[in-house]
Amino acid sequence: MKIIVLPGDGIGPETMAATVDVLEAASRRFDLGLELVHDVAGHDSLKLHGATVTNALLEKVKAADGLMLGPMATYDFKDESKGEINPSKYFRKCLDLYANIRPARTYNGMPARLGEFDLVVVRENTEGFYSDRNIESGSSEMLITPDVAISLRRITRSCCERIARSAFELARTRSKHVTIVHKANVLRIADGMFIDICHEVGRDFPDVKIDDFIVDAMMAHVVRAPQRFDVIVTTNMFGDILSDLTAELSGSLGLGGSLNAGDQYAMGQAAHGSAPDIAGQNIANPFSLVLSAAMLLNWYGQKNDKTPFMIAAKGIFDGVAAAIDAQEATRDVGGKLGTRETGEALATRLSTV
Ligand code: ATP
């Protein structure tokens, strides 16, 4: 399996280096023959190539089997005509990575303030309120007068159908429960359509229970009793916000692994941002990116019917859980190790299981 590795900005280089240690250990232990090809995106690419991402890089990614994208300083990238393209948007859009899968669970060794839970947010990734991806070119945000701005939200039948199917297929491998999160009391047409299509798709999965919540009420329900949820399917912006909450409720935003998957390509990417407040201090939690890498291995194994990749992914998931329990982790999850040492400890753990 050939993976393009792009460290990114802020805490990206540190967390990606730790992730690479873990991937290399997993490759040796499970005989995966991983080929990690290092390249640049974000600020490093802007300095080197005059753009945060390039067509040449996209072609390399298309020719590979997977992509690991580090956190990007998206807030810095404002003007596409100066090469300041949001790399996260670029790959999601160009590779049609429509399903953003964001699991959140509690771990032994950390206080579960809200009780134990294990859920997955399945977030639509290619339209919704994201003005830079719901339109063919340009942006769906407009400044009508200096004092009036409009942002458009796009919802389409085909995008609703495919994200709903991803959620139901995932639920079938878990506790067979899908929760639809929406704002159909206000966005009656668009979110009404989203709910209807989720129910239509759900008819193909009669063994999966369905319920739905309005997004604002959902914030209360998920904080009150996260264990009542299994798979949560929602539109782009709601999913982005909800999954940061569920990651933090699980113990730390630094545990939020995430996979962006389409029918042909996939990209592992931490749920959090570039965290400039803690960059360069060797304190960022690398597990979010490590878990994302394990999700990428699992996706590749499932797609190509290659069991060792699925076993390796499970080895990494279990290794992270054991490391947290043993406090071989960063401070945000109760450990005392630095970013680098956390990656090294997990790599050693994997080589000895
Ligand atoms: P960006 O502008 O790139 O989105 P941000 O700092 O606004 O960056 P996040 O990177 O998501 O947003 O960070 C939110 C908070 O969570 C910050 O206080 C950050 O330090 C913390 N955080 C994020 N990622 C991690 C991590 N891997 N380990 C520990 N703390 C983290």
Side-chain angles (χ1 to χ4, degrees), residues 6-22 40-46 52-53 68-79 84-92 100 102-105 107 109-111 121 123 125 129-130 132 236-260 267-295 316 320 323-324 327-346:
L6 308 173
D9 304 311
I11 58 171
E14 305 157 67
T15 55
M16 191 63 88
T19 303
V20 164
D21 280 351
V22 173
V40 287
H43 276 298
D44 284 350
S45 176
L46 194 59
T52 51
V53 276
M68 281 302 301
L69 182 68
M72 291 288 150
T74 44
Y75 206 69
D76 295 348
F77 307 140
K78 296 188 170 77
D79 188 348
E84 297 172 1
I85 301 155
N86 171 357
S88 182
K89 173 224 55 177
Y90 183 75
F91 290 117
R92 288 175 185 181
N100 189 198
R102 295 186 159 188
R105 52 159 288 195
Y107 290 92
M110 285 180 68
V121 176
R123 163 198 181 197
N125 221 9
F129 242 129
Y130 280 65
D132 56 354
N236 202 340
M237 183 77 83
F238 297 159
D240 189 28
I241 298 166
L242 179 60
S243 59
D244 263 27
L245 175 67
T246 52
E248 187 64 31
L249 292 180
S250 82
S252 168
L253 198 49
L255 292 175
S258 134
L259 186 76
N260 301 266
M267 169 172 90
Q269 182 188 24
H272 57 72
S274 63
D277 55 335
I278 56 167
Q281 299 171 41
N282 195 37
I283 59 171
N285 189 342
F287 284 161
S288 173
L289 205 53
V290 167
L291 292 167
S292 309
M295 292 174 78
I316 298 175
V320 167
I324 293 173
Q327 302 198 326
E328 280 183 4
T330 45
R331 291 189 309 206
D332 57 311
V333 290
K336 291 195 175 62
L337 301 185
T339 311
R340 192 181 325 108
E341 294 73 21
T342 299
E344 286 166 359
L346 181 54

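In listed order, ligands and their atoms are each counted from 1.
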* Going by the side chain to side chain contact (heavy atoms under 4.5 Å, CB included) test, name the single residue among V333, T342, L291 that passes it with V320. => L291
* To do: Collect the protein residues that have a non-hydrogen atom under 4.0 Å from ligand 1 and hand them over in chain and number order.
  => I11, M72, L253, G254, H272, G273, S274, A275, P276, D277, I278, A284, N285, D332
* Do any N or O atoms from the side chain of N100 and from the backbone of L259 form a donor-acceptor pair under 3.5 angstrom? -> yes
* Main-chain N/O of T339 paired to T330 side chain as donor or acceptor, under 3.5 Å -> no
* Please name all residues satisfying salt bridge (Lys or Arg N to Asp or Glu O under 4.0 Å) with D79, sequence neighbours left out, ordered by chain then number. => K82
* **Flag side-chain contact, heavy atom, 4.5 Å: M72 against V53** => no
* State, with a plain yes or no, whether a side-chain heavy atom of M295 is found less than 4.5 Å away from one of P103. => yes
